[in-house]
Each structure stands twice: as C-alpha cells, then as structure tokens.
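Keep in mind the model is a prediction, meaning the values are calculated, not measured.
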Amino acid sequence: MTDKPTVLFVCVHNAGRSQMAAGFLRELGGDDVEVLSAGSAPKDEINPIAVQAMAEVGIDIAGNTPKVLTVDAVRESDVVITMGCGDACPIFPGKRYEDWELDDPAGQGIESVRPIRDEIRRRIEALVSEILPQRGAA
C-alpha cells in the first residue's frame, strides 16, 4: 500500500451503499486517502434516501454521480470493497479485497436506511484504523 492508499467501493447501482461508504471515508480519512466508488450497473442518480440519511450525520453526498466500474479503477486501488455486486469486480493480485454484506437501501424508507448507514460508518471507522493508523491514534 502506498503512503496515500486508494479505496474503491463497489455496489451494483453506485447509488446507495457505496456512495455512503465513500462519503464516510472522505470525511474520516480526509486528505490521507483517495476514495473511489463505482457500480457494475450504475443508476442515473444517487438514492435520495441515502442522501437524506447521510445529511442527518452532516455528510453531503447529494452532488455525487453514480459511475460505472472500470478495470482501471480496480487496478489503481489498494483496497476494493464490494457490496453485493457478485463477480462483477475484476481481481488483481496484491490488492486487499473485502465483501461487505449489507442490506440494499434501494426502495427502503429512512427508518430502514439509518441502520445500514450506521453499520457502514462502523465498518469505515474500523477500516480507517487499519489503513490509516496515524489517524486512528489522533
């Protein structure tokens, strides 16, 4: 892993889980990490309930746009975290891969999305302590 690790979050639509995860990592990792997110079949816009759930904790993801997953995005990443996208993500040796089993917020109300958001935050906090130990101690 380089001095400034790159983390890629991948879900099917790149409209909910991966966008929330990217938002948390940008907030908690700051300039010490490069954050990417993509989807195997991206939607046209971010899930408005995911936007609302993140706004409740002071993180604005409303201006983000779903992006298509590319081989280059995986190649340039040190850590690749998938969230329900199956085998759509190419595998390169020497990278850290994790699959986070999380409910999909698509079609769910805010009451159902909050626990998903909170679980993503917990996992991001753990990830930050692993890939940015200097921030975890701060």
task: Only one of Val128, Val35, Ile59 passes side-chain contact (heavy atoms from CB on, under 4.5 Å) with Glu27; say which it is.
output: Ile59
task: Among Leu28, Val33, Ile81, find the one that has a side-chain contact (heavy atoms from CB on, under 4.5 Å) with Leu127.
output: Ile81
query: Is there a side-chain contact between Ile49 and Ile110, using heavy atoms and a 4.5 Å cut-off?
result: yes
message: Could you report the tightest heavy-atom contact between Ala38 and Ser18, atom names first, then the distance?
response: O-OG, 4.1 Å
- prompt: Pro105 versus Arg17: any side-chain heavy-atom pair under 4.5 Å?
  reply: yes
statement: CD (Gln19) and CD1 (Ile61) are apart, to the nearest 0.5 Å, by 6.0 Å
- request: Take Glu130 and Arg96 through the test side chain to side chain contact (heavy atoms under 4.5 Å, CB included) and record every step on the way to the result.
  value: CA-CA 12 Å; Glu130 293 169 15; Arg96 174 178 169 178; 2.3 Å; yes
message: Please determine whether side chain to side chain contact (heavy atoms under 4.5 Å, CB included) holds for the pair Met20 and Leu102, giving the CA-CA distance in whole Å, both sets of side-chain angles, and the decisive distance to 0.1 Å.
response: CA-CA 12 Å; Met20 290 191 288; Leu102 297 161; over 6 Å; no
- request: Have a look at Leu69 and tell me which of Val80, Val12, Leu8, Asn14 forms a side-chain contact (heavy atoms from CB on, under 4.5 Å) with it.
  value: Leu8
query: When rounded to the nearest 0.5 angstrom, what distance separates CE in Met83 from CG in Asp99?
result: 9.0 Å
- request: Report whether Ile46 and Val68 are members of the same hydrophobic cluster (ILVMFWY, side-chain heavy atoms less than 4.5 Å apart, transitive linking).
  value: no
message: How close do Ala126 and Ser129 get, counting heavy atoms only, and between which atoms?
response: O-OG, 2.7 Å
message: A side-chain contact here means heavy atoms from C-beta on lying under 4.5 Å apart; do Tyr97 and Thr82 qualify?
response: no
task: Flag the pair Ile131 / Asp78 as yes when at least one side-chain heavy-atom distance between them is below 4.5 Å, and no otherwise.
output: no
Salt bridge (charged side-chain N to carboxylate O under 4.0 Å, His left out) contacts touching residues 42-54 (sequence neighbours left out): none
field: Side-chain heavy-atom pair Asn47, His13 within 4.5 angstrom cut-off
entry: no
- prompt: In terms of side-chain geometry, is the basic nitrogen of Glu125 or Arg122 positioned less than 4.0 Å from the acidic oxygen of its partner?
  reply: no
query: Is there a donor-acceptor contact under 3.5 Å from the side chain of Lys67 to the main chain of Ser37?
result: no
message: So, taking the atom named CZ in Phe24 and the one named CZ in Arg123, what distance separates them when rounded to the nearest 0.5 Å?
response: 13.0 Å
query: Within a strict 4.5 Å, meaning less than it, do heavy atoms of the Phe9 and Ile124 side chains meet?
result: yes
Pair Asp118 + Arg121: basic N to acidic O under 4.0 Å: no
message: Less than 4.5 Å apart, side chain to side chain, heavy atoms only: is that true for Leu36 and Ser77?
response: yes
message: Side chains of Val113 and Gln52, heavy atoms from C-beta outward: is any pair under 4.5 Å?
response: no
Charged N-O contact under 4.0 Å between Glu56 and Arg117: yes
